[in-house]
Amino acid sequence: MGEISGFQLGVIGALFLSVASSVSIVICNKALMSNLGFPFATTLTSWHLMVTYCSLHVALRLNFFDNKPVDIKTVMLFGILNGISIGLLNLSLGFNSIGFYQMTKLAIIPFTVLLETLFLKKQFSRKTKFSLSVLLLGVGVASITDLQLNTVGSILSLLAIITTCVGQILTNTIQKKLNVSSTQLLYQSAPFQAAILFVSGPFLDQCLTNQNVFAYKYSPIVLGFIVLSCLIAVFVNLSTFLVIGKTSPVTYQVLGHLKTCLVLGFGYTLLHDPFTARNIVGILIAIVGMLLYSYFCTVETKRKQDGDVSSLSQVREKDTTPLLVSHVNEDSNKPLV
């Protein structure tokens, strides 16, 4: 019982850290890019990952966690895949309207469900699928404003969805199959993610913004926000691996849409972004979907645990029954006195 409650506490902590750090970094990056005019998102992400790796390396030296070697090819391919998915998501945003980009993010959940069902034989109940549909409807109503399609943007969005889904499924699978912690996996994969984005980031950013990151004039306040963004990113990256490892890729995406709703709310409250009745209705629908998803997952988990306990009890009964029967038979063969 203590182990179960300890695990649940770890999940709650990971979820809270993910929400708090993600909302914080969105607000920080919005101020950096919108208010201070620093548009180099992909390059900034490579800096995030480099700082994350350096921070984890210091933590390793201080014995906060143990390094567990993993097959270098597995880690390299995993890191490169995640780096490519980040780049494709940024390109998707650059070549599509904001509304179509939001549709791309919404499509990640059903595509993840499809991949896990086909390749991992994972079963999702109708109630879970219904709750996810309600959630996606709410987020769509709240965040999608326009839909403008183009061939290049659509191809980039499809590739972004595929690489993101596969990367997140692998994040969960590698941790469980190879028995490595989220910190160990992030520590070993972060250099490869940072490397591919560090090389491709300036080129992608120049294609999207027509500006050169190396020619940008860095003021003290911009540097301060970049440092703050990188520090927050350490917790964002760590919590991402924690949540996916402790729960599932689908749950992580559900959590991501909760962040979207919170960012919309904070944007209205702190940054005075425009907010309409449609946003409010959409957020309320999304919250209902999240609550339903949480409830159905809790019920299914409890039912599975009860089933495991019942199976264990039956096994024990089967193990003890022959012994009892043998004693009865032995006793019955003895002469009566």
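At a threshold of 4.5 Å between non-hydrogen side-chain atoms, the residues Lys105 and Gln253 do not count as touching. Within the 4.5 Å cutoff, the side chain of Leu44 has heavy atoms near those of the His48 side chain. Residues Ile283 and Ile287 have side chains in contact (heavy-atom distance under 4.5 Å, counting atoms from C-beta outward). Between Ser154 and Phe95 the shortest side-chain heavy-atom distance does not fall below 4.5 Å. Between Ser181 and Phe65 the shortest side-chain heavy-atom distance does not fall below 4.5 Å. When side chains are defined from C-beta on, Leu136 does not count as touching Met103, because their heavy atoms never get closer than 4.5 Å. Side-chain contact check for Ile226 versus Tyr218: some heavy-atom pair is nearer than 4.5 Å. Contact check for Ser131 versus Met290: no side-chain heavy atoms found under the 4.5 Å cut-off.
Summarising the geometry, atom CG belonging to Asp71 is positioned 8.5 Å from atom CG belonging to Leu178; distances are rounded to the nearest 0.5 Å. Considering OG of Ser239 and OH of Tyr252, their distance stands at 7.0 Å, rounded to 0.5 Å. To the nearest 0.5 Å, the span separating CG on Asn90 from OG1 on Thr45 amounts to 5.5 Å. Rounding to the nearest 0.5 Å gives a distance of 15.0 Å between OH of Tyr187 and OG of Ser182. Rounding to the nearest 0.5 angstrom, the gap separating the OG atom in Ser21 from the CZ atom in Phe235 is 8.5 Å. One finds the CD1 atom of Ile109 at 4.0 Å from the NE2 atom of His257 (value rounded to the nearest 0.5 Å).
A donor and an acceptor atom, one from each side chain of Asn96 and Ser92, are located under 3.5 Å apart. Residues Ser248 and Asn172 have side chains that never bring a donor and an acceptor to within less than 3.5 angstrom of each other. For the residue pair Gln184/Gln175, the side-chain donor-acceptor check at 3.5 Å is not satisfied. Checking Thr128 against Ser125 by side-chain atom types alone, a donor-acceptor pair falls below 3.5 Å. Asn237 and Thr240 are not linked by any side-chain donor-acceptor pair at a separation below 3.5 angstrom, with hydrogens and angles left out of the test. For the residue pair Ser18 and Lys259, a side-chain donor N or O sits within less than 3.5 Å of a side-chain acceptor on the partner.
Transitive grouping of hydrophobic side chains (ILVMFWY, heavy atoms separated by less than 4.5 Å) brings Leu115 and Leu81 into a common cluster. Both Leu15 and Val139 are members of a single hydrophobic cluster when ILVMFWY side chains are connected at heavy-atom separations under 4.5 Å. Hydrophobic clustering of Ile, Leu, Val, Met, Phe, Trp and Tyr side chains at less than 4.5 Å, counting indirect connections, unites Val180 with Leu238. Put simply, Ile244 and Val19 are part of the same group of oily side chains (I, L, V, M, F, W, Y) that touch within less than 4.5 Å, one to the next. Ile155 and Phe111 fall within the same hydrophobic cluster, where Ile, Leu, Val, Met, Phe, Trp and Tyr residues are linked whenever their side-chain heavy atoms come under 4.5 Å apart, directly or through other members.
Between the side chain of Glu300 and the backbone N or O of Phe124, no donor-acceptor pair lies under 3.5 Å. The backbone N or O of Pro110 sits nowhere less than 3.5 Å from a side-chain atom of Lys129 that would complete a donor-acceptor pair. Judged by distance alone, the side chain of Arg278 and the main-chain N or O of Ala142 form no donor-acceptor pair under 3.5 Å. At distances below 3.5 Å, not a single donor-acceptor pair connects side-chain atoms of Asn29 with backbone N or O atoms of Val26. Remark: side-chain polar atoms of Ser189 are paired, donor with acceptor, to backbone N or O of Leu185 under 3.5 angstrom. For Asn82 (side chain) and Gln193 (main-chain N/O), no donor-acceptor pair under 3.5 Å exists by modelled atom type. Although no hydrogens or angles enter the test, the distance criterion places a donor-acceptor pair under 3.5 Å between the side chain of Thr260 and the main chain of Gly256.
Between Ile25 and Ser229, the shortest heavy-atom contact is CD1-O, 3.6 Å. Across every non-hydrogen atom of Asn67 and Pro69, the tightest pair is O-CD, 3.7 Å. Closest heavy-atom contact between Asn150 and Gly153: OD1-N, 2.5 Å. In terms of heavy atoms, Ala14 sits closest to Lys246 at CB-CD, 4.4 Å. In terms of heavy atoms, Leu204 sits closest to Gly87 at CD1-CA, 4.2 Å. For the pair Gly83 and Ile196, the tightest heavy-atom approach, listed with the atom from each and the gap, is CA-CG2, 3.7 Å.
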**OP:** List the steps, then state whether side chain to side chain contact (heavy atoms under 4.5 Å, CB included) holds for Gln211 with Asp205.
**Re:** CA-CA 7 Å; Gln211 297 183 52; Asp205 287 334; over 6 Å; no

Original post:
Given Phe192 and Leu197, is the side chain to side chain contact (heavy atoms under 4.5 Å, CB included) satisfied, shown in steps?
Top reply: CA-CA 9 Å; Phe192 298 105; Leu197 290 175; over 6 Å; no

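Here the options are Ile80, Ile161, Thr163, the test is side-chain contact (heavy atoms from CB on, under 4.5 Å), and the partner is Ser85; only Thr163 passes. Of the residues listed (Leu36, Leu32, Asn35), the one engaging Ile221 in a side-chain contact (heavy atoms from CB on, under 4.5 Å) is Leu36, and it is the only one. Checking Val254, Thr298, Leu135 one by one against Tyr293, the side-chain contact (heavy atoms from CB on, under 4.5 Å) holds for a single residue, Val254.
Between Tyr216 and Phe38, the two ring planes are perpendicular [angle over 60°; tilted spans 30° to 60°].
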